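Worksheet: the structure to be examined is printed underneath.
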Amino acid sequence: ARYCSSYAEVANWDPQDFSFVVHKGAVHHIAEVRDGRHVRLGDRVDLEPATLQTEDKLRLQNYGRKYSEAGQPGGTYYKHHKAAK
């Protein structure tokens, strides 16, 4: 509970981009998103939470990433920090 409000403030993802939520080890549809961050549970779905977590991990890793027309990921990668100017 201590971190919940700060996580909501800095989150760079939209809960409406997701269809499922895991609650007490069971996967449910998201019936409604309230206040932009809180979800109301829908019907239970017969999916494995671990499978859903793997899919969500990939989705979040690439969230907001730009792709070329050929489907290649764009952006830049810095192995080391840039030197100060």
Side-chain angles (χ1 to χ4, degrees):
R2 178 177 162 194
Y3 301 105
C4 290
S5 62
S6 65
Y7 284 167
E9 295 295 322
V10 298
N12 64 350
W13 54 275
D14 186 348
Q16 297 203 14
D17 290 340
F18 297 88
S19 301
F20 304 104
V21 64
V22 177
H23 179 68
K24 295 184 179 180
V27 180
H28 296 264
H29 278 286
I30 295 175
E32 178 185 8
V33 178
R34 298 177 181 164
D35 301 325
R37 297 283 175 224
H38 298 93
V39 297
R40 187 171 60 83
L41 297 178
D43 295 331
R44 187 173 175 175
V45 182
D46 189 27
L47 291 173
E48 287 295 319
T51 303
L52 188 61
Q53 181 182 16
T54 301
E55 292 171 4
D56 286 349
K57 179 181 175 184
L58 288 173
R59 183 175 289 176
L60 287 169
Q61 283 176 338
N62 294 310
Y63 194 80
R65 190 171 189 178
K66 296 178 181 176
Y67 286 84
S68 69
E69 290 182 17
Q72 297 297 319
T76 56
Y77 170 75
Y78 292 103
K79 186 173 183 178
H80 303 287
H81 64 84
K82 287 179 143 182
K85 292 184 180 182

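Values in this document were obtained by computation on a predicted structure and should not be read as measured data.
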Group every Ile, Leu, Val, Met, Phe, Trp and Tyr by side-chain heavy-atom contacts under 4.5 Å, then state whether Val21 and Leu47 land in the same group. no
Would you say the side-chain atoms of Thr54 pair up with the backbone N or O of Ala50, donor to acceptor, closer than 3.5 Å? yes
Thinking salt bridges, do Lys57 and Glu55 make one under a 4.0 Å N-O criterion? no
Residues Ala26 and Arg44: closest non-hydrogen pair is CB-NE, 3.5 Å
State, to 0.1 Å, how close Glu48 and Val27 come at their nearest heavy-atom pair, and which atoms those are. C-CG2, 4.3 Å
Pro49 to Gly25 - nearest heavy-atom pair and separation: CG-O, 3.4 Å
First locate atom CZ of Phe20, then atom NE2 of His29, and finally report the distance between them rounded to the nearest 0.5 Å. 4.5 Å
CG on Asp56 to CZ on Phe18, rounded to 0.5 Å: 5.0 Å
What pair of heavy atoms forms the shortest contact from Leu41 to His23, and how long is it? CD1-CD2, 3.5 Å
